[in-house]
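To start, the structure under review is shown below, and the notes come after it.
Along the sequence shown, residues are numbered consecutively beginning with 1. As the structure is a prediction and not an experimental result, all values here were calculated from the model. Numbering of ligands and ligand atoms starts at 1, following listing order.
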Amino acid sequence: MSALQPVSGKSHAAGNETYDVVVVGAGFAGMYMLHRLRGLGLTVRVYEQGGDVGGTWYWNRYPGARCDVESMQYSYSFSDELQQEWDWSERYAPQPEILKYASHVADRFKLRPDIALNTRVDRASFDESGNTWQVTTSDGNTVIAKYVVLATGCLSNARMPDINGLAGFKGKVYHTGHWPHEPVDFTGLRVAVIGTGSSGIQSVPVIAGQADHLTVFQRTANFSIPAHNASLTSEEREAFRAKYPEVRRFAREEARNGIYTEMPDRGALEDGDNERRAKYEARWAYGGLTFMAVYNNLALDKAANDTAADFVREKIAEIVKDPKTAKLLQPNNHPIGSKRICVDTDYFATFNRPNVTLVDIRSNPIEEILPNAVRRNGPRGPKPISA
Ligand SMILES: Cc1cc2nc3c(=O)[nH]c(=O)nc-3n(C[C@H](O)[C@H](O)[C@H](O)COP(=O)(O)OP(=O)(O)OC[C@H]3O[C@@H](n4cnc5c(N)ncnc54)[C@H](O)[C@@H]3O)c2cc1C
């Protein structure tokens with residue numbers, strides 16, 4: 001018997017519903033799981049703690065949230081009809097559009113009847129005698145399943161950092177991964193953003209455009225490449241759709257990171273300075289994550305990697321007018337691409353705005369949050385920064 005033959009069908013045994021598979025999470029992975037498993041003739045129940053499908057895109061509603069793999073690729077490949085009919089509006093779709101897409105997929109493939117929303121899986125215990133799982137949910141129900149699939153993702157359970165005094169802050173506190181559903185308007189406010197990973201890098205330019213003043217607290221400077229986001233024309237969408245079979249095949253079978261791009265046949269040190277610089281310039285102008293594909297050894301050879309990292313550091317110094325701020329923004333403690341590089345819209349240029357201040361919390365870490373300020377410590381004692 002193959003591992004995934006139907007074992008039971010949905011039934012009621014001793015008051016407990018029984019399924020072949022319980023899937024936890026209705027993000028992109030959980031929805032696809034449901035579609036595939038149903039196609040195999042299995043009975044499936046999906047539990048999702050959120051109020052709708054979409055996972056990451058349901059929770060991460062912060063200003064500037066969008067994908068950084070281009071939308072024509074950051075989309076399901078299992079249905080050619082779906083990928084031929086869905087119109088992405090921009091090269092990198094914003095969060096609301098990706099959430100709408102997830103909702104469309106749930107409706108189009110009639111997934112909703114098998115998904116229980118607002119229902120958290122609290123416990124799954126394996127019953128050795130029956131070789132089945134007993135899955136208990138937040139509504140007090142227990143169901144029985146032969147298989148449990150955890151499609152719980154990695155970016156949907158926000159963790160509030162444990163900073164002294166945070167609970168006593170008198171202003172509003174938001175977490176990018178657990179953003180309110182109603183719009184948040186920072187107009188006229190003094191705002192502090194703590195963290196300069198991908199979410200910080202996406203949200204800082206948007207918040208800076210609204211806030212009276214924005215203070216950005218940076219522990220680690222990260223490499224970021226401009227997105228050069230733009231609307232997609234119908235001609236661009238059609239041209240991409242025509243090559244979908246090859247794009248998807250390449251992403252699955254050949255690409256190192258699932259992204260469709262050319263595979264360079266040269267290493268960075270095989271080109272002279274001018275030629276190398278011209279290639280980096282061209283890729284910077286194109287934008288996006290394929291920056292790491294300019295050469296075939298950027299992830300393998302530190303000396304090669306340094307040429308790309310130096311190029312990005314030079315770009316930061318060119319964009320950011322204040323030399324001290326530019327220096328702080330230049331990543332210096334990891335090779336480029338060793339952490340996922342970020343993709344931004346005007347991130348570095350935002351630090352030229354008069355209403356934006358960058359604060360280094362690597363050298364002087366945050367000590368505590370006061371009712372109306374952030375206090376960091378350092379060799380010269382506490383420094384309150386009003387936020
Ligand atoms: C702003 C942003 C941009 C991104 N851009 C890209 C990109 O361009 N390319 C890319 O490849 N990836 C990107 N990602 C990563 C993204 O998380 C994944 O692409 C993808 O959405 C993950 O889907 P998933 O279904 O595996 O998990 P998730 O989307 O995290 O879904 C997991 C679901 O499980 C639910 N869950 C968890 N525990 C329980 C429980 N106990 N009971 C019930 N439900 C539970 C959660 O509520 C959640 O809805 C991005 C992420 C963010 C935040």
Practice item. Under 4.0 Å, heavy atoms only, figure out whether ligand 1 is touched by the backbone of Tyr32, its side chain, both or neither. Key: neither
Exercise for review: Using a strict cut-off of less than 4.0 Å between a Lys/Arg side-chain nitrogen and an Asp/Glu carboxylate oxygen, indicate whether Glu97 and Lys100 qualify as a salt bridge.
Suggested key: no
Check your understanding: With atoms numbered from 1 as shown, which atoms in ligand 1 lie under 4.0 angstrom from a non-hydrogen atom of Arg120?
Key -> 40 (C), 41 (N), 42 (N), 43 (C)
Check your understanding: In the protein, which heavy atom is nearest to atom 15 (C) of ligand 1, and how far is it?
Key -> Leu155 CD1, 3.8 Å
Review point. Quick one: does Met31 get a heavy atom under 4.0 Å from ligand 1?
Key: no
Exercise for review: Return yes when Gln95 approaches ligand 1 closer than 4.0 angstrom through a heavy atom, no otherwise.
Suggested key: no
Check your understanding: Should we say atom CE of Met33 is surrounded by more than 12 heavy atoms from elsewhere, each under 6.0 Å from it?
Key -> no
Practice item. In plain terms, say whether Arg66 and Glu90 are close enough for a salt bridge, that is, a side-chain N and a carboxylate O under 4.0 Å apart. Key: yes
Practice item. Could you tell me whether Tyr280 and Phe291 have their ring centroids closer than 6.0 angstrom? Key: yes
Revision key, fill the gap. of all protein heavy atoms, closest to atom 47 (O) of ligand 1 is Glu48 OE2, 2.7 Å
Point to revise | Part of Thr119 within contact of ligand 1 (heavy atoms, under 4.0 Å) | key: backbone
**Study point:** Between Tyr74 and Tyr101, ring centroids under 6.0 Å
**Key:** no
**Study point:** Distance filter under 4.0 Å to Cys67 heavy atoms, resulting ligand 1 atoms
**Key:** 5 (N), 8 (O)
Practice item. Would you tell me whether Thr142 and Thr136 have side-chain atoms, one donor and one acceptor, within less than 3.5 Å of each other? Key: yes
Check your understanding: Taking only residues two or more places apart in sequence or in another chain, which ones pass ring pair (Phe, Tyr, Trp, His ring centres under 6.0 Å) with His175?
Key -> none
Practice item. Could you walk me through whether Asn222 and Ser224 pass side-chain hydrogen bond (donor to acceptor under 3.5 Å, both in side chains), step by step? Key: CA-CA 6 Å; Asn222 280 302; Ser224 188; over 6 Å; no
**Study point:** For Gln202, the ligand 1 atoms whose distance to one of its heavy atoms is below 4.0 Å
**Key:** 1 (C)
Revision key, fill the gap. re atom 28 (P) of ligand 1, the protein heavy-atom contact at minimum distance is Thr56 OG1, 3.5 Å
Exercise for review: Using a strict 4.0 Å cut-off to heavy atoms of Tyr47, name the atoms of ligand 1 that fall inside it.
Suggested key: 43 (C), 44 (N)
Check your understanding: Do Phe109 and Tyr76 have their ring centres less than 6.0 Å from each other?
Key -> no
Check your understanding: By number and element, which atoms of ligand 1 are closer than 4.0 Å to a non-hydrogen atom of Arg66?
Key -> 1 (C), 3 (C)
Practice item. Show which atoms of ligand 1 fall inside a sub-4.0 Å distance from at least one heavy-atom site of Gly25. Key: 33 (C), 34 (O), 35 (C)
**Study point:** Polar contact flag for Val69 and ligand 1 (N/O pairs, less than 3.5 Å)
**Key:** yes
Review point. Are Ser79 and Arg108 close enough that a side-chain donor and a side-chain acceptor fall under 3.5 Å?
Key: no
Review point. For atom CZ of Arg219, is the number of surrounding heavy atoms from other residues, nucleotides or ligands below 6.0 Å larger than 12?
Key: no
Practice item. Verify whether the ring centers belonging to Tyr58 and His181 lie closer than 6.0 Å. Key: yes
**Study point:** Sub-3.5 Å N/O-N/O distance, Val121 and ligand 1
**Key:** yes
Practice item. Check each atom of ligand 1 against the heavy atoms of Phe28 and keep those under 4.0 Å away; list them by number with element. Key: 25 (O)
Review point. Among protein heavy atoms, which sits nearest to atom 6 (C) of ligand 1, and what does the distance come to when rounded to 0.1 Å?
Key: Asp68 OD1, 3.7 Å
Point to revise | Asn60 and ligand 1 - part of the residue with a heavy-atom distance under 4.0 Å | key: side chain
Check your understanding: For atom 1 (C) of ligand 1, what's the nearest protein heavy atom and its distance?
Key -> Tyr62 OH, 2.9 Å
Review point. To the nearest 0.1 Å, how far is atom 40 (C) of ligand 1 from its closest protein heavy atom, and which atom is that?
Key: Val24 CG1, 3.5 Å
Review point. With backbone taken as N, CA, C and O and side chain as the heavy atoms from C-beta onward, which portion of Ala151 lies under 4.0 Å from ligand 1: side chain, backbone, both, or neither?
Key: backbone
Review point. Does a side chain donor of either Arg112 or Ser103 reach within less than 3.5 Å of an acceptor in the other side chain?
Key: yes
Review point. Can you find an N or O of Gln49 that's nearer than 3.5 Å to an N or O of ligand 1?
Key: yes
Exercise for review: Can you pull out the closest protein heavy atom to atom 11 (O) of ligand 1? Residue, atom name and distance to 0.1 Å, please.
Suggested key: Tyr74 CE1, 3.5 Å
Review point. Which of these, Val204, Asn355, Thr345, Val320, sits in a side chain to side chain contact (heavy atoms under 4.5 Å, CB included) with Thr350?
Key: Val204
**Study point:** Donor-acceptor pair between Asn141 and Glu17 side chains, under 3.5 angstrom
**Key:** no
Exercise for review: If you have a sec, work out which protein heavy atom is nearest atom 26 (O) of ligand 1 and how many Å separate them, to one decimal?
Suggested key: Ala29 CB, 3.5 Å
Check your understanding: Does Trp59 approach ligand 1 within less than 4.0 angstrom via side chain, backbone, both or neither, non-hydrogen atoms only?
Key -> side chain
Review point. Are Trp57 and ligand 1 in contact, using a heavy-atom cut-off of under 4.0 Å?
Key: yes
